[in-house]
Amino acid sequence: MNDSRAAPDQAERDRALDVGRSFIVQAPAGSGKTELLIQRYLALLARVDRPEEIAAITFTIKAAAEMRQRVLAALRAARSEPRPQAVQDARTWDLARAALERDVARGWNLEEGADRLKVQTIDALCASLTRQMPVLSRFGGQPEVIEDATALFAEAARNLLASLDGQSPEEAAHVERLLRHLDNDTVAAGKLIAAMLARRDQWLRTLKRNTDRASLEAALEEVRRAAVDEMLEAWPPGVDIPQLDVDGWIARAAAWTTTAKTWRKDGGAPAAIRNDELLEALLGVKSLPPASYSQDQWDALEAMIALAPLAIRELQLVFAKHGKADFTEFALRALQALDAADGPTDLLLVLDYRIRHILVDEFQDTSHTQFRLLELLTSGWEPGDGRTLFLVGDPMQSIYRFREAEVGLFLQARQEGIGHVALDAVTLSANFRSQAGLVDWVNEAFARVMPGAGDVRTGAVPYSPSQAIHAAEGESVSIHDFYEGDGAGQAARVVELAREAMRAPGRRPGEPASVAILVRNRMHLLEVIPKLREANVPYRAVEIESLGRSPAVRDLLALTRALSHPADRVAWLAVLRAPWCALTLADLLVLAPGEEPVTVWQAANDGPRIERLSAQGRARLERARGILGPALERRGRGSLREIVEAAWLALGGPACVEDETQLQEAETYLDHLEAQEESGSLADLAEFEESLAKLFAPPDLASPECLQVMTIHKAKGLEFDTVIVPGLSGKSGHDDRSLFLWMETAEQSLLLAPIQAAGGKKEAIYELVRRLDGKKAGHEMGRLLYVAATRARSRLHLLGEAKRDDKGLAKAPAKGSLLAKLWPAVAGAFRGEAQAPAAGDGARTVAPAQQARLRRLDIGRYRVAPPPAVAWIAPADPELGEPIEFSWVGDTARRVGGVVHRWLQRIAEEEARGWNRARVEKQRDAIRHELASRGVAASQIEDASARVVAALAGALEDPRGKWLLGPQANARNEYRISALVEGVRRDLVIDRVFEDLAGTWIVDYKTGSHEGADLEGFLAEEQTRYRPQLERYVLALGKPEARRGLYFPLLKGWREWTS
Amino acid sequence: MLTPNRRLAQVLAREFHAAQACKGLKSWETADVLPWEAFLGRLWDDALFSGEAAGLPLLLAPSQEQALWEEVLRGSRYAKELFALAPAAAQCREAWALAQAWRIPLDARRIPDEDGKAFLEWSAHYERHTREARQVEGARLPDVLVALLEREDLRKPATLVLHGFDLPTPQMREFLAALGQSGCEIVETAPAAHKVQAARVEASDPRMEMEHAARWARARLAAACEAGRSVRIGVVVPDLGKARRAVQRTFAAVMQPGLPLAAAPTPLPFNVSLGAALDEHALVADALLLVDLCGPRIAFEHASRLLRSPFIAGAGEELHARARLDAHWRRHCAPEVTLDSLLRQCKAPTAPPVPIFVDRFRRLADFRKASLFEAQPASQWARAFSDALRVVGFPGERALDSNEQQTLEKWHELLAELAGLERVVPKMGYHAARGRLRQLARDTIFQPKAADVPIQVMGVLESAGQEFDHLWVMGLNDDAWPLPARPNPFIPVAAQRAAGIPQADPAACLELDRRLTQRWLASSPEVVVSHVRMRKEAELSPSALIASLPATRIEDLGIDRVASLREAIRATGFVEAIEDGRAPAVKDLARKGGTGLFKDQAACPFRAFAARRLRSEGLEAPRPGLDARDRGTLVHEVLAAVWNRLGSLARLLEQGEAQLDELLAECAEAAVARMKARHPDALSGRYAALERERLVRLARDWLAVERARPGFTVARTEDERQVTFGGVTVTARLDRRDALAAGGDVVIDYKTGACKTAAWMGSRMDEPQLPMYALGGEDAAQVVAVAFAQVRTGEMRFKGVSRVANLVTRDVGTIDKDRKGRDLYRGWPELLQAWRSELDRIGAAFAAGDARVDPKSVTQSCGLCEQHALCRIDEKTPFGAAQAEGDADE
Ligand code: SF4
């Protein structure tokens, strides 16, 4: 953006900085959207009373951090750097300067208290709202966020199905109907319900509307009608249109067309209408459902509608039970809270500031829930009251439908505004990223790929062209054509292209060329990655290879499983087969005979068996046993991660991995294990194992690779010099069915379709809704291509595979692939002239050289000298009391003892003056109270206080007690001293020290009680027990000649001795 | 001397002791240093024994206070709607304490919002309740004590030194003023002011930051020890709660890299000031689960954990038997189980014997029936729970180590605390009592005692007022420092701000943290502050509070690079590769199992070796209801029973509608009953009825297919025979064999999933069962057709191959009509011949010990295989084995 010329769309950019108005900005790829956002943010900062009044919402945490950094950087630059030359930069500098003045004037101190810049993700915003509104959000206490709640959805689904045998006959009947519809397959039903719960924010909204049969069927009729009308639009002018109702048209369409989707030769369709467009429309009409639900369908649907809220209820119970909730829950609760709050007034009280300006980035990926949130946050806003919305996004880059993004909302907001806020539309067109050749190609191609007109309902977004800032430079776009079955050829080409591109100089001065291979889904890399490895091309795969497939992680997982469960045979055998132990097949056979009821570990410790191992095997097993045995013994001590990691290290795990990447993966695995384990074990091993499939090692940022491999989704927001997109003809593996589908008709009524009965025929209504949904998906595919293509700065390679017809010419690809979408723009490049592909049936196999290979650590040469520990002198261990035998009786006794102790201390302090039984009796209330405060159960207070009174009164009447508690010379009570005893410091509290004629007395009260006969024996035992303690006192006081005494007020016992 | 927290009090006391010891004293009077709360507690305790006792309110322990707030919330109109009550109650407690400490009047004028209104309602209730019951909690204790300060018989210190109080609350100020008036001298210390060398360093990410700090601490410690100096090193970690484990791990690895290889643990020179919640300790977690087990049901995984717990009687002795019992349970249990159903499972003849376990848990079952259901006072519950634990021999025979010893004591204290709740909650039921106990365990942060070590790792608050020789403060990024404001949600922020609560106001937070930062920078001769460049994917900047300090490179801190154990291991390891694809030949060629052996061998020789010879199998997951295999079995059984009764097509055709229905119903009933015997938990009342209904429906639909066939009689159902190929003998099971009226037999296998005849074609066939049966007997010559009977709603049909057309149905055609077979075989005899030689080849390969990792197709064969870890397939295919399970876009 370092250009001193103004951008061609400068006027639009300037307009967007009018802080008095609300805008929705369409910002195509490379148009410098973030800069504009920041400029707007700075412009607003210069106007607001408190920085918190501006809420900026980003799509990811990363984006939030970046935006905040850039705002701060702009402020810093405005303070300490001169005004730059380039137009955009200067503009930013000016705005930052004004913001800075405001900052100083208001004493915000933004650069120090950056937290006051409210730039956050929608999730964070929802969490902060619900946190401040515990009652309104109905959360009470904020649960912990759980990113992947799959297991909780499954649990809720299970609970819902369990109501089949529950209390409520009504619920049971619904579950029964649902199960019957699904062939009584609880597993499938559970999955469907769980999937439905994951997407609840979408249908919750819809199910709040009319779901009675009549309105749903009315909607159905509307959709049927619309399909016929749409077909009629394609009807050639001048040809008579038969007057038919919908069912009549369905019959007619059936008559005119064949099941093979062609015109029926003798079907009677007028020749004048026989064109492809109409054929397709007629086929659509033919497959329209009847006007009403069948009884079975309706039964099922009704059950689903009834069960939906019950499923939600179960989910909330499950969330509450685990104290966790997903982001969706937070969003829903935030909506609920805002809905309930009394508009902006309450919000002001809650937040302590008014949100006066909202900026939203990536608005094309907004969901209904987020849209609603904006509506609520802006409720009460009036036009011209100084509050503004600023929505930025590129509907052409909306690719997150699977995450509920609804690009239609962008279009809707542009047309109708949000709530009461009208939005001015701004469209940017300058492209600061790509060379002109690329921009021109994209302009031309995507004008054809993307639909001509926008449509809110189907998410159709028309193309909006860009103007390149950078001049053309050499070649820009190449299409590489391949033909069916030549995956290998394509993969080879990808590698070739990548190498070539990496050799070229980078387009950014001083940087090597950046190259990316982008794919629609990981599957499309099946052949590319092995080729890259074969060719030794260094690359960095971003979230491509899941952790669960890493050999290092597999070994760690086996170790985890084995140490968690002695009877997990595969895991134990795998631990013994892993490179660190690597028993041969023959040795494994010795250890794992089929029949005996023993675990592998027992067998591995069984002498006779060990005898039968090979010498090598014995040595190896011996070594492993020395590590695994103690590890198994450690169960329940410390964290599982610690135990596993220590065993892994001791076995030599790090020496067994093939490369550094795997070490990184191992580290990620261990961290994940630590995060998942609960109190030293994994709650559910199977679940844990599944979670690994969704986990990826973080890309090693230190590695200098300039070739990156990732999905197009991951590449969003990034740019590269060269972009290679292989596998254009691949299909998405995505085809999950949901319990019911829904759609909004043009008239905004709701249509619902239940899933087809298990094994039954495809349900026409369900398929109809799916087809319409397919339209949305089709539009999104075009956008996905756009995202891929616009990542490139200078060079773009597109690779696809077409089928050939009998003449060897390329056929137009079937729907569903990116290539099909792109076909209008690239068909010319597919001439069908490629060479015949190498044969192969596509099954992936293991290379023969690998089939029998066993990697093993050479234990003969394996010697680890651990790095030295730090040298220091450890202090003595802290003193632990001796273990107390726990019993309930003992507990109350201890408290009684405590209270007696305290009273004796006080009486002694008062030298027992004025103390006698009567006075003790008077304290009974106080004593009860004291006992209660110390936690004596209500039922025992009477008894306990009686014992206290008896003990105290007894002591006062006992001559020994009188002597002990009465006036004495140099008396100290509760005497606290510290002393070095055998070099270790001890803090001591001596109950009583005094002097009399006999010399110094050191006395401790012992409030132990004793029931039963041999009192003397008990006292003798006590003396032995406490002798060391008193000796310590003596030592500390440095009075070896002192007399030691133990007084037992509850027993009126006494023991004394000297050294 | 008073400090704001316990930590600082300990540190000061230690310093005092060290000074005394330095003077050469042998003993001295202990310094009286204690935290503020403890001081109040002492005054209150003194008051209790001062003759005032009867007039004093009862001081609620925090757990009692919490329970009381919960009771209040539970009794209110909001109770039903709230997602989580206990944490809300905790926040109310906090709000209440804030209101007391900062003197915020609780009236509706100041607190007009919805959340505030709820709080007002609750706090009014709480206030009334405590007033009537004459109770008071810590938050109001200073106010209670102020009234007593004038009294002569209350002991008061002559001098009070305050250390490290940055921001006294109004309540505290009032109290101190009153204390001063009563004759106590109050002195405040000045904060330390070292001449400081401060360095600011940037680490690449949090992991590296932690490691640098640990290495730095090691270097400083080593230097001091070498010089014979004692040293105090502080490391401050904001958000220590989250980072605790990482700190522990990283510091241990840096201080003593060889620890994992050491035979016995040795003391480490650092201490982390924060412990884990009590329920994170395995001993307590298992005790809590045992309490859960006394309830009506428990999650299977929890029961499984208990079975394998080292903390119950017989854990060591029965370790392996219990593990195997668990594997057994997993095959038969539902995701939720009861104690009784588990005990019933133990009785199964196939269940590994665990006499100690059964004995103990049977007694537990009796105990729970006898004493665990009535509502009773908390102390009774505490007793009952502890008795229940005793019944199962908790904490087991393994000698407790010092940590466990202390944890056990803490657990006992916890039970006592539970008992104490009866003061605020008179009676509770089992669920409530269990819930309280769990919550108490969660809320109790527990840390085993530690020695006085030179390196202290602590949170921000604990660092206040401490001095060190070296201090490192990490995590000072601009998004974490200054700490974001975090106002209590129950009092409007504006009111909190007005009252001066710093946590409620960004500006005050900034001010407070600026002051803290300055304290750090003056608290020791060397101070290092650090921040990270990246956290996850986000790029970050240093906190502006430290940004002005000169940036220092980590290399310039004078720290030696200590190799990690991992690196040392990686550097020493030599890995060789050997050939090991062939196991010793099979000695016992007559195998116990079925044709699955051939199926496995065909799919992947290693799989056959692992599954059939090593009996390598994983653990199953308990499942709700029936899985696909069980459901298939049911269908098989019903159809077998039906044909056993009917015997021939003619009989089927004779049946009247009603008659047939009755027959089907009986067969379904019998099949379901048998299944129920195997999985008692899986087929509950209504579900069983539904399942019967489904079976009847399926069978009826299927019989419609059979009706269209040319005449046949059913010769055999569920037939078993020994078959031998390539020398290996296995048992081949067949669902059915029909004798056709037209002559010849057809062998039939029921399939409830989708199936294809392609599974028989070509080398390494996917489904060898039917060919093996067909070819394996003397009657092989009579077989004129093989067919799958695909019994699936909506797709009911036979699929197969026959010698000549139309022997079974139109769907079973000759080989030249078969999609895949027509390219491979010319005619029926050739097909049979090919089958035989292929099966012989497979059998011979198994017999010879072929165990190469050679899956027919990595994508398919490995997809459902459980041997991944053992065969090491991921090492052999560059791009993960089963990765191909279609994942969607993105
Ligand atoms: S995972 Fe694949 S390679 Fe390994 S044993 Fe199973 S089928 Fe064979």
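Each chain gets a letter, A, B and so on, in the order the sequences are listed, and its residues count up from 1.
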Considering only heavy atoms, which portion of A/Ala162 lies under 4.5 Å from any heavy atom of chain B: side chain, backbone, both, or neither? neither
Contacting region of B/Arg686 [heavy-atom separation from chain A under 4.5 Å]: both
Relative to each other, are the rings of A/Phe139 and B/Phe83 parallel, tilted or perpendicular (30° and 60° limits)? perpendicular
Of all of A/Thr60, A/Leu573, A/Val187, which one pairs up most often with chain B through heavy atoms under 4.5 Å apart? A/Leu573
Just so I know, are the side chains of B/Arg566 and A/Leu649 near enough to count as touching, which here means a heavy-atom distance under 4.5 Å? yes
Checking heavy atoms, do the side chain of A/Gln602, its backbone, both or neither come under 4.5 Å from chain B? both
Looking only at A/Ala114, A/Pro867, A/Pro551, the option with the highest number of non-hydrogen pairs under 4.5 Å against chain B is A/Pro867
Is there a side-chain contact between B/Val853 and A/Gln850 (heavy atoms, below 4.5 Å)? no
Please classify the contact of B/Arg872 with chain A as side chain, backbone, both or neither, using a heavy-atom distance under 4.5 Å. side chain
Looking just at side-chain N and O atoms, do B/Arg305 and A/Ser681 make a donor-acceptor pair shorter than 3.5 Å? yes
Which answer fits B/Ile569, side chain, backbone, both or neither, if we ask what part of it has an atom under 4.5 Å from a heavy atom of chain A? both
Heavy-atom distance under 4.5 Å between the side chains of A/Ser978 and B/Gln20, does that happen here? no
Between B/Glu29 and A/Arg976, is there a side-chain N and carboxylate O pair less than 4.0 Å apart? no
Heavy-atom side-chain contact between B/Val453 and A/Trp872 under 4.5 Å: yes
Just give me the residue among B/Arg497, B/Arg249, B/Gln256, B/Glu579 that pairs up with chain A most often, heavy atom to heavy atom, under 4.5 Å. B/Arg249
Can you check whether A/Val846's main-chain N or O pairs, donor with acceptor, with B/Lys876's side chain at less than 3.5 Å? no
How many angstroms lie between atom CG of A/Leu585 and atom CZ of B/Arg852, to the nearest 0.5 angstrom? 12.0 Å
Counting N and O atoms only, with roles assigned by atom type, does the side chain of A/Ser679 sit under 3.5 Å from a partner on the main chain of B/Glu280, one being a donor and the other an acceptor? no
By a 4.5 Å heavy-atom criterion (distance strictly below it), what part of B/Tyr78 contacts chain A: side chain, backbone, both, or neither? side chain
Any donor-acceptor pair under 3.5 Å linking the side chain of B/Asp854 with the backbone of A/Gln851? no
By a 4.5 Å heavy-atom criterion (distance strictly below it), what part of A/Arg138 contacts chain B: side chain, backbone, both, or neither? both
Counting heavy-atom pairs under 4.5 Å to chain B, which of A/Asn109, A/Thr584, A/Leu857, A/Asp165 comes out on top? A/Asp165
So which part of A/Glu678 gets closer than 4.5 Å to some heavy atom of chain B, the side chain, the backbone, both or neither? backbone
Option that, when pairs with chain A are counted at under 4.5 Å, heavy atom only, ranks first among B/Phe490, B/Phe609, B/Trp28: B/Trp28
Rounding to 0.5 Å, atoms CZ (A/Arg853) and CG (B/Asp580) come to a distance of 12.5 Å
Any sub-3.5 Å donor-acceptor pair from A/Arg856's side-chain atoms to B/Ile578's backbone N or O? no
For the residue pair A/Arg637 and B/Glu404, establish whether any side-chain heavy-atom pair is separated by less than 4.5 Å. yes
How about A/Gln69 and B/Ser541: does a side-chain donor come under 3.5 Å of a side-chain acceptor? yes
Atom group of A/Ala683 that falls short of 4.5 Å from chain B, counting heavy atoms: backbone
At a 4.5 Å cut-off on heavy atoms, which part of A/Asp185 comes close to chain B: side chain, backbone, both, or neither? both
If you define the side chain from C-beta out and look only at heavy atoms, does anything of A/Glu52 sit under 4.5 Å from B/Pro506? yes
Looking at A/Ala869, A/Gly653, A/Gly140, A/Ala871, which has the largest count of heavy-atom pairs under 4.5 Å with chain B? A/Ala869
Is it the backbone or the side chain of B/Glu226 that comes under 4.5 Å from a heavy atom of chain A, or both, or neither? neither
Which answer fits B/Ala485, side chain, backbone, both or neither, if we ask what part of it has an atom under 4.5 Å from a heavy atom of chain A? backbone
When the 4.5 angstrom heavy-atom criterion is applied to B/Pro377 and chain A, the contacting part is neither
Looking only at A/Ile873, A/Leu161, A/Leu72, A/Asp555, the option with the highest number of non-hydrogen pairs under 4.5 Å against chain B is A/Asp555
So, the part of B/Ala118 with a heavy atom under 4.5 Å from chain A: the answer is side chain
For chain B, the option from A/Gly141, A/Ala686, A/Ala646, A/Gly1038 that forms the most heavy-atom pairs under 4.5 Å: A/Gly141
Of the listed B/Gln91, B/Gln867, B/Arg423, the one with the largest count of heavy-atom pairs under 4.5 Å with chain A is B/Arg423
Honestly, the part of B/Pro352 sitting under 4.5 Å from a heavy atom of chain A is neither
Audit row: A/Arg549, B/Asp874, salt bridge (charged side-chain N to carboxylate O under 4.0 Å, His left out) steps and yes/no: CA-CA 6 Å; A/Arg549 311 289 175 209; B/Asp874 297 309; 5.4 Å; no
A/Ala586 versus chain B, the contacting section by heavy-atom distance below 4.5 Å: both
Heavy-atom closest pair, residues A/Ala650 and B/Leu261: CA-CD2, 3.4 Å
In terms of heavy-atom pairs under 4.5 Å, which option from B/Ser309, B/Ala494, B/Pro310 contacts chain A the most? B/Pro310
Proximal component of B/Asp401, with respect to chain A [non-hydrogen, under 4.5 Å]: both
Does atom CD of A/Glu658 have more than 12 heavy-atom neighbours, drawn from other residues, nucleotides or ligands, at distances under 6.0 Å? yes
A/His929 NE2 to B/Leu48 CG distance, which is reported to the nearest 0.5 Å: 5.5 Å
Report yes or no: does A/Arg569 contribute a side-chain atom to a donor-acceptor pair with the main-chain N or O of B/Leu614 at less than 3.5 Å? yes
Part of A/Glu645 lying under 4.5 Å from any heavy atom of chain B: side chain
Would you call B/Glu539 and A/Glu66 a side-chain contact if the rule is heavy atoms closer than 4.5 Å? no
Contact origin within B/Arg694 toward chain A - heavy atom pairs under 4.5 Å: side chain
Flag side-chain contact, heavy atom, 4.5 Å: B/Arg631 against A/Asn184: yes
Validate the cation-pi geometry between A/Arg861 and B/Phe574: distance from NZ or CZ to the six-membered ring centre under 6.0 Å, angle to the ring axis within 45°. yes
Need one label for B/Leu565: side chain, backbone, both or neither, based on atoms under 4.5 Å from any heavy atom in chain A. both
